[in-house]
Amino acid sequence: MGKVIIYQVFTRLYGNRNTTRKPNGSIGENGCGKMADLTPAVLKKIAQTGVSHVWYTGVLRHATQTDYTAFGIPRQHPAVVKGKAGSPYAITDYYDVDPDLAVDVNHRMKEFELLVSRTHKAGMKVIIDFVPNHVARQYKSICKPRKVRDLGEDDNTEHGFDPQNNFYYCPGERFTPYFDLYAGEPEPYIEEPAKATGNDHFDNAPGMNDWYETVKLNYGVDYYAGRLGYFTPVPDTWQKMTDILLFWAEKGIDGFRCDMAEMVPAEFWQYATDVVKAVYPDMVFMGEVYNPYEYRRYLSAGFDWLYDKVGMYDTMRSVIQHHQPTSAISRCWQQTDDIRNHMVYFLENHDEQRIASDFFAASAEKGIPAMVALVLMQQNPFMFYAGQQYGEKGMDREGFSGNDGRTTIFDYWSIDTLCRADKGQLTDEEKRLADIYRKTLTLARSEQAIAEGIFFDLMYVNGHLDRQYVFLRKADKSLLIVAVNFDQQETTIDVNLPAHAFDYLKMEECRTVATDLLTKEKLAMVLRHDGSIRMNIGGNGARVWKIKL
């Protein structure tokens with residue numbers, strides 16, 4: 001029982017306790033987290049915070065400036081690697097595990113399999129990244145099964161587009177981007193003919209703001225001729241990528257977080273998810289889709305969950321920053337009400353700025369009302385990012401990443417709050433924040449009214465509240481009245497209860513005593529048609545009143 005709570009762990013950073021933190025530091029200088037750092041004790045602690053699924057980010061082998069040639073792993077030219085550690089979204093071998101994450105590089109796949117097994121023993125499920133739209137410029141699989149042909153191995157490079165090619169080409173043209181192709185090496189990086197770049201850049205000269213370290217995969221869509229699709233016969237790339245999904249599914253994982261899923265045609269997803277779910281019916285697919293007009297198409301193509309970024313994330317961010325009133329939250333969920341159980345709510349991930357960063361709210365406390373509302377308001381999944389529960393600021397200048405309010409995905413680094421949490425050195429404020437996260441997330445897993453109950457938004461009869469958000473959840477004889485306060489000051493509010501709520505939720509009028517599940521405080525209440533309840537809420541605070549009907 002309980003709703004899905006996804007914990008994103010950027011594996012390379014998560015267990016690293018080296019606090020050198022030298023900008024642009026090497027793995028030797030700054031250290032690196034390992035899969036082995038996620039011990040049974042660590043995983044048990046994660047599970048106790050209410051987590052149901054761990055998303056291990058950056059598991060597949062990707063481009064890096066660290067030299068692993070001693071282990072038979074091809075070296076990447078630094079001109080086409082972002083940062084010393086490299087982007088986990090520039091895959092160099094879909095059948096391999098990132099050697100940075102292994103204690104014993106030669107047994108890196110075994111270490112991953114053990115991590116999956118430990119996570120399952122701790123009572124949680126495993127999600128890993130699948131990066132379908134693009135690969136590293138120097139992609140070369142050394143771990144593919146014997147009969148598998150490598151990506152691009154059979155391509156006709158004289159054709160810019162061919163439905164059976166794996167890549168797109170610029171025939172007769174060399175890769176000449178707007179930057180130094182030597183990057184300190186004696187020989188330049190050479191690519192001829194140039195391949196199209198990952199962010200749909202189809203000439204030979206990507207700029208610094210392009211995903212220049214990646215090349216676009218070809219799923220049978222002719223971008224040179226206005227995106228015509230050639231899907232019969234099945235494109236070679238479809239089969240290769242579906243085989244990769246099956247390879248990882250066989251490792252016992254429970255789901256894929258699919259990077260930039262909307263840049264790959266929905267027709268492919270329909271094909272691939274059908275094949276995978278025929279063998280692994282419980283496998284979940286979480287898609288990074290940003291266009292709301294495409295949500296339903298990708299769900300019908302086999303996705304179970306989609307990021308709610310341009311709707312709920314953007315709305316909550318603007319409410320936290322006082323750019324919009326709380327009524328905007330109601331308008332937002334109404335846009336996806338028909339698909340609400342498929343939308344993943346979140347306030348942080350590796351792409352977004354940390355709540356506590358100067359670029360977002362400059363205070364982790366300001367995110368509390370949004371977090372409580374997102375976790376408790378519907379039955380859909382909620383996702384949070386390692387360090388978020390301690391108020392990680394993300395204000396480091398790590399190297400390639402720069403000071404942008406995000407935790408780097410390109411550099412070797414360690415996360416300040418995770419290091420201090422390990423040593424019992426969190427501030428009182430950070431401990432309080434972690435406690436609120438733990439209480440809220442475990443409620444979502446244990447309270448029937450949250451996990452399975454009906455949601456009733458009270459904002460339409462509480463127009464006087466523009467900095468507070470109020471709603472009901474109900475299952476059987478259990479009623480929750482949830483109120484959150486986006487103001488920094490403590491406030492007293494009157495929450496109106498419409499007669500319609502009593503009809504809709506099949507409730508009787510009554511006198512009762514409610515208990516706040518976050519603080520254990522008691523409050524006498526009279527629940528009556530078109531009546532109101534007076535309550536006080538702390539600044540950036542929340543109330544979760546439970547009533548036994």
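Computation of the quantities below employed the complete heavy-atom set of this structure, encompassing side-chain atoms and omitting hydrogens, waters and symmetry-equivalent molecules.
Classification of Asp314 and Arg317 as a salt-bridged pair fails, no side-chain N sitting under 4.0 Å from a carboxylate O. Ion pairing between a basic and an acidic side chain is recognised when a charged N comes within 4.0 Å of a carboxylate O; Asp516 and Arg543 show such pairing. Taking the charged nitrogens against the carboxylate oxygens, Arg432 and Glu429 have no contact shorter than 4.0 Å, which rules out a salt bridge.
The cationic group of Lys251 lies under 6.0 Å from the six-membered ring centre of Phe247 and within 45° of the ring axis, placing it in a cation-pi geometry. Because its NZ or CZ atom is not both nearer than 6.0 Å to the ring centre of Phe360 and within 45° of the ring axis, Arg354 does not count as a cation-pi partner of that residue.
With ring centers used as reference points, Tyr7 lies under 6.0 Å from Phe384. Taking the six-membered ring wherever Trp is involved, the centroid distance between the rings of Phe456 and Tyr504 falls below 6.0 Å.
Contact check for Tyr460 versus Ser327: no side-chain heavy atoms found under the 4.5 Å cut-off. At a threshold of 4.5 Å between non-hydrogen side-chain atoms, the residues Glu288 and Lys309 do not count as touching. Residues Ile533 and Trp545 fail the side-chain proximity criterion, which asks for heavy atoms closer than 4.5 Å.
Between the side chain of Lys506 and the backbone N or O of Asp476, no donor-acceptor pair lies under 3.5 Å. At distances below 3.5 Å, at least one donor-acceptor pair connects side-chain atoms of Asp304 with backbone N or O atoms of Phe285.
Side-chain atoms of Tyr390 and Asp416 include no donor-acceptor pair closer than 3.5 Å. Glu490 and Asn536 form a side-chain donor-acceptor contact under 3.5 Å, judged by distance and modelled atom types alone. Between the side chains of Ser330 and Asp457, at least one donor N or O sits under 3.5 Å from an acceptor N or O. No side-chain donor from either of Arg534 and Thr492 sits under 3.5 Å from a side-chain acceptor of the other. With hydrogens and angles left out, the side-chain atoms of Arg21 and Ser414 include a donor and acceptor closer than 3.5 Å.
Of the candidates Arg257, Gln8, Lys125, Met124, His53 forms a side-chain contact (heavy atoms from CB on, under 4.5 Å) with just one, namely Lys125.
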